[in-house]
Amino acid sequence: MASTANDMTKYIQFLLKGGDLLSDHYFEIYTSPQVHRREDMYYGLGWRISTEEKDTYFFHGGETPDSRTELLVNPKKNYGFILLTNKNNFSEVLQTVHIREGIKTIIEDGKFSEVPAASHQMQWMTLIVTILLTLFSIWNLFHLKKKNIVRVKLWSVVGLTSIIFSIALIPTLIYLFGSPWHTIYYYAPDTAFLIKCLVGVLAGNGF
């Protein structure tokens with residue numbers, strides 16, 4: 001669903017004051033906790049809800065490959081806001097959460113909290129592994145051409161292992177992340193590109 005900042009402002013006003021769209025009874029159900037998650041956090045009907053006595057609010061986020069949003073409403077303190085961004089990456093999801101919490105702190109306490117630096121650990125790890133395996137493949141090729149006697153069994157095991165890893169890498173990641181490859185590709189294109197490079201290096205080394 002696509003919307004505008006103006007429409008979202010009207011929606012937040014409805015969430016704060018109610019309106020003709022829902023009766024008081026159904027509005028109460030719509031914004032009430034339904035399923036317990038942990039401690040004072042619940043799921044509602046489309047909301048994540050905090051029931052902490054001094055900090056009661058509900059919120060939710062949404063995303064596409066190119067954008068991420070956060071909407072938060074605090075009925076007791078009579079405010080709400082929508083955070084709209086035009087950038088999104090799987091490794092940077094927490095950044096939007098930190099910004100949301102920062103806006104909440106500014107509104108409630110008049111204080112500004114520092115947003116932690118984004119972590120690109122996943123990208124760096126994939127890049128380093130890809131570079132190391134590329135260097136290993138080049139060394140293998142150089143070593144293979146230089147030797148007069150080749151240990152066929154050893155080279156066959158190394159080659160077969162590389163090919164198996166190249167075939168199994170993406171399905172393994174799909175299983176671990178619980179997401180199809182096209183989702184990983186769209187929401188983490190930089191990491192997906194490096195993974196494809198890694199698959200190519202492993203397959204090339206194997207052959």
Side-chain angles (χ1 to χ4, degrees), residues 1-122 173-189 191:
M1 182 174 70
S3 188
T4 66
N6 186 50
D7 283 344
M8 294 308 299
T9 300
K10 293 176 183 177
Y11 183 44
I12 290 171
Q13 289 172 343
F14 162 73
L15 293 170
L16 288 171
K17 301 174 183 177
D20 297 332
L21 185 61
L22 293 175
S23 66
D24 291 344
H25 172 69
Y26 284 112
F27 185 84
E28 179 68 25
I29 294 173
Y30 177 51
T31 57
S32 295
Q34 303 292 332
V35 180
H36 184 250
R37 288 181 65 209
R38 55 182 171 78
E39 299 173 353
D40 295 319
M41 295 300 296
Y42 287 77
Y43 278 126
L45 300 180
W47 298 109
R48 291 180 170 87
I49 301 174
S50 168
T51 58
E52 188 179 342
E53 188 174 350
K54 295 181 180 180
D55 196 25
T56 303
Y57 61 92
F58 54 91
F59 68 99
H60 207 289
E63 60 186 327
T64 71
D66 300 315
S67 64
R68 183 169 175 82
T69 66
E70 292 281 345
L71 186 153
L72 185 145
V73 176
N74 190 324
K76 285 191 175 181
K77 297 182 179 178
N78 195 35
Y79 79 85
F81 65 84
I82 178 78
L83 169 64
L84 307 174
T85 73
N86 61 355
K87 185 174 184 291
N88 191 24
N89 191 294
F90 178 79
S91 64
E92 299 173 353
V93 170
L94 284 178
Q95 292 303 105
T96 315
V97 176
H98 292 316
I99 295 170
R100 183 195 72 208
E101 291 302 310
I103 295 171
K104 182 173 178 291
T105 303
I106 291 170
I107 293 172
E108 294 183 4
D109 304 323
K111 297 178 181 177
F112 177 78
S113 55
E114 291 292 333
V115 176
S119 171
H120 298 99
Q121 186 177 1
M122 186 183 300
L173 290 173
I174 290 170
Y175 173 78
L176 291 174
F177 284 107
S179 298
W181 174 249
H182 68 266
T183 301
I184 298 172
Y185 179 80
Y186 285 124
Y187 285 88
T191 305

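Since this is a predicted model, take the numbers as computed values, not measurements.
Looking at Leu15 and Trp47, their side chains come closer than 4.5 Å, going by heavy atoms from C-beta outward.
Between Leu16 and Gly80 the shortest heavy-atom distance is CD1-N, 4.2 Å. Of all non-hydrogen atoms in Ser50 and Asp55, the two that sit nearest each other are OG-O, 2.8 Å. Between Gly44 and Ile49, the shortest heavy-atom distance links the atoms CA-CD1, 3.9 Å. Taking all atoms of both residues into account, the shortest heavy-atom contact from Thr64 to Asn88 is O-ND2, 2.8 Å. Val73 and Leu71 make their closest contact through CG2-CD2, 3.6 Å (heavy atoms, listed as atom of the first residue, atom of the second, distance). Between Ala5 and Leu84, the shortest heavy-atom distance links the atoms CB-CD1, 4.3 Å.
Judged by distance alone, the side chain of Ser67 and the main-chain N or O of Glu63 form no donor-acceptor pair under 3.5 Å.
Annotation: cation-pi pair Lys76/Tyr57 absent, no NZ/CZ under 6.0 Å from the ring centroid and within 45° of its normal. By the 6.0 Å and 45° rule, Arg37 does not stack over the aromatic ring of Tyr42. Within the cation-pi definition used here (under 6.0 Å to the ring centroid, within 45° of the axis), Arg100 qualifies as a partner of Phe59.
Just one residue in the list Thr191, Thr183, Ile184 forms a side-chain contact (heavy atoms from CB on, under 4.5 Å) with Tyr187, and that residue is Thr183.
Rounded to the nearest 0.5 angstrom, Ser32 OG and Phe58 CZ are separated by 9.5 Å. To the nearest 0.5 Å, atom CG of residue Leu21 and atom OH of residue Tyr11 are 9.0 Å apart. Atom CD of Glu101 sits about 9.5 Å away from atom NE2 of His98, to the nearest 0.5 Å. Atoms CE and CG, from Met8 and Leu83 in turn, are 11.5 Å apart once rounded to the nearest 0.5 Å. Atoms NZ and CD1, on Lys111 and Ile106 in that order, are 12.5 Å from each other to the nearest 0.5 Å. Rounding to the nearest 0.5 Å places CG of Asp7 at 11.5 Å from CD1 of Ile82.
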- Run the side-chain contact (heavy atoms from CB on, under 4.5 Å) check on Glu28 and Asp24 step by step: do they pass? CA-CA 6 Å; Glu28 179 68 25; Asp24 291 344; over 6 Å; no
Evaluate side-chain contact (heavy atoms from CB on, under 4.5 Å) for Ile29 paired with Gln34, printing each intermediate quantity in order.
CA-CA 9 Å; Ile29 294 173; Gln34 303 292 332; 4.1 Å; yes
* Check the pair Asn74, Glu108 against side-chain contact (heavy atoms from CB on, under 4.5 Å), reporting the backbone distance first and the verdict last. => CA-CA 10 Å; Asn74 190 324; Glu108 294 183 4; 3.3 Å; yes
Any chance you could lay out the side-chain contact (heavy atoms from CB on, under 4.5 Å) test for Thr51 and Thr56, step after step, and finish with the verdict?
CA-CA 5 Å; Thr51 58; Thr56 303; 5.6 Å; no
Check your understanding: Could you go step by step and tell me if Lys54 and Glu52 meet the salt bridge (charged side-chain N to carboxylate O under 4.0 Å, His left out) rule?
Key -> CA-CA 6 Å; Lys54 295 181 180 180; Glu52 188 179 342; over 6 Å; no
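Around OH of Tyr30, the count of heavy atoms belonging to other residues, nucleotides or ligands within 6.0 Å exceeds 12. In Asp109, the CG atom is crowded: over 12 heavy atoms of neighbouring residues, nucleotides or ligands sit closer than 6.0 Å.
Ring centers of Phe14 and Phe27: under 6.0 Å apart, within the cut-off.
Classified by interplanar angle (parallel below 30°, tilted 30° to 60°, perpendicular above 60°), the ring pair Phe81/Tyr79 is parallel.
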